[in-house]
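To start, the structure under review is shown below, and the notes come after it.
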Amino acid sequence: MKNKSVKFIFITGGVVSSLGKGLASASLGALLQARGYSVKLRKLDPYLNVDPGTMSPYQHGECYVTDDGAETDLDLGHYERFTGVPAKKSDNITTGKIYSNVISKERRGDYLGATIQVIPHVTDAIKNYILSDIDNQDFVLCEIGGTVGDIESLPFIEAIRQLGNQLGLSQACFLHVTLLPYIKVAGELKTKPTQHSVKELQGMGIQPDILLCRTECIIPDEQKSKIALFCNLKSETVIEALDSSSIYEVPIAYHKQGLDYQVCKHFDLDLTIKPNLKRWYKINKIQKSSEGIVNVGVVGKYTSMIDAYKSLIEAINHGGLANNVKVTIKWIDSETLENEESDLVSVFKDINGIIVPGGFGERGVEGKINAIHFARVNKLPFFGICFGMQMAVIEFARNVLNIKDASSSEFGKTKFPLVGLLTEWQTQKGYEKRNIESNLGGTMRLGSYDCRLTENSLVKSIYNKVIISERHRHRYEVNNKYISDFKKNGLNFSGMSCDNTLPEILEVPLHPWFIGVQFHPELKSKPFDPHPLFSSFINASLKQSRLL
Ligand code: GLN
């Protein structure tokens, strides 16, 4: 920790899960930035997985990948989108990671014969993580996953209690996010669950400094005073967090309720500073004034769990902001497009562009390939991301190169592995090696890699530069043996890894917009800085909608 006066804000949640703590943390980060402070946001996850990389998207939603190659919680995506600060491996800490470090230290004998206990060894390890890898930021916001009272989160709560005590009020602030349920028959907002959750926190030695109360209706002043009285707070630190129709309205709404003001007051900072919220007002204005609608069809297999596509949804919306249109997403379960009778014409009747996003495993693959075929021959804008790009290669190989058995070795042994397991590749640090038996956790090509774009290609004109850097998360790669066959038949690989071995981008020049990328561009898109591929794809889809 280089900056000795860095201020920590610990964000906990009470009453129920899914209160939007991640968004609340991201919004507070953005508000502090708007006051001219630098911020870092961290997530402490109480589960036993070392990282969410091996978890099913149905369990955990999207796995957000950082530049430095960590597979992290999707809240880090919110943090990055709202603050523009790139998240790092050290910004997501899990119980699994802590325990595995403590246990390997114990095996090495580093504890010199001590009995290893939750307090102090595990709590010390948590505190060290919280305090490590901080540069000169003014604020570090640490969100604790889960809900206060969960058995799993106890060591984290204890660790932040100790830290709060060590650092003192001038360097630590506790923000508790709770729910005020509205009981229709009584016509009232209820404060009791919040009182209980604060009591629970107090029982663990933490007095929250600020309460952020999620609610579907305005909190009357008397209710605020009541909460303040029972929770040992001043009523101005009981902040209303009303449901809003767009996540981009949240920072302004919280500012209006005084959230950033109360945080600055807690730390005795200059209260005369007026936060510069221009960019947030601008986004909201664009959103409200957007003209026209573009319908994007997303063909995937996790369509019943759209948190699995969190960054994708946001990047699509950013593409809408860039074109001043509203984008509606139609979720299409790829398994429904598998059989011969699937009537693709009617499924895609009102669709102006198709996205086949990232994915794993064979289920639903034929439906994705059918959708890609439909987009290619009907000249509907198509955007294939990672798995979607790999399936576009297979579709083209089967239907244009006439390699009927073209497949990916992800689905088992095949004579024509157009997409194959990558066993060796170059990183900034040297060569990475894998084999078929390698662990599943953390062993993909992960994080940012450079890619060189071909002159006169569509992607070059979209990015307007030659070398780009994008984030990866995959185990398989397009087989470069077939590159010239594809080119002869009208599909170009217009982006290659800088050592020219790995195909990174494909495009079909005789199609209005047919692009596949091996990386995940959605991870880098921001509302203030929409990703160029998404802006361009939505623009092509908008043009397509005008043809109808
Ligand atoms: N399953 C594919 C692979 O591992 C694609 C992964 C993805 O879409 N992120 O290569």
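Start at 1 and go down the list; that is how both ligands and their atoms are numbered. FYI, side chains are in, hydrogens and waters are out, and symmetry mates aren't considered; it's all heavy atoms of this structure.
Scanning the protein for heavy atoms near atom 10 (O) of ligand 1, the closest one is Tyr476 N, 2.8 Å. Closest to atom 2 (C) of ligand 1 among all protein heavy atoms lies Glu410 OE1, 3.2 Å. At the shortest separation from atom 7 (C) of ligand 1 among protein heavy atoms lies Cys386 SG, 3.1 Å. In this structure, atom 9 (N) of ligand 1 lies nearest to the protein heavy atom Arg473 O, 2.8 Å. Protein heavy atom nearest atom 5 (C) of ligand 1, with residue, atom name and distance: Gly359 O, 3.3 Å. In terms of protein heavy-atom proximity, atom 4 (O) of ligand 1 is closest to Arg475 N, 2.8 Å.
The shortest N or O to N or O distance between His474 and ligand 1 is not under 3.5 Å.
Each of the atoms 8 (O) of ligand 1 lies under 4.0 Å from some heavy atom of Gly358.
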(request) In sequence, state the C-alpha distance, the side-chain angles, and the governing distance for Arg473 and Glu71, and then conclude on salt bridge (Lys or Arg N to Asp or Glu O under 4.0 Å). (result) CA-CA 8 Å; Arg473 181 178 185 241; Glu71 297 172 282; 2.7 Å; yes
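Here His520 has side-chain heavy atoms under 4.0 Å from ligand 1, and that is the only part of it that gets that close.
Counting heavy atoms of neighbouring residues, nucleotides and ligands inside a 6.0 Å radius, atom CG of Asn402 exceeds 12 of them.
Residues Trp331 and Tyr302 place their aromatic rings such that the two centres sit no closer than 6.0 Å.
Heavy-atom distances between Met444 and ligand 1 stay at or above 4.0 Å for every pair.
Applying the ring-ring contact (aromatic ring centres under 6.0 Å, His included) rule to Tyr99 yields no partners; only residues at least two apart in sequence or on another chain are considered.
Shown are Glu522, Gln518, Met391; of these, the side chain to side chain contact (heavy atoms under 4.5 Å, CB included) with Cys386 is made only by Gln518.
Contact annotation: the side chain of Asn539 approaches that of Lys543 to within less than 4.5 Å [non-hydrogen atoms, C-beta and beyond].
Counting only N and O atoms by type, the side chains of Ser494 and Asn492 include no donor and acceptor under 3.5 Å apart.
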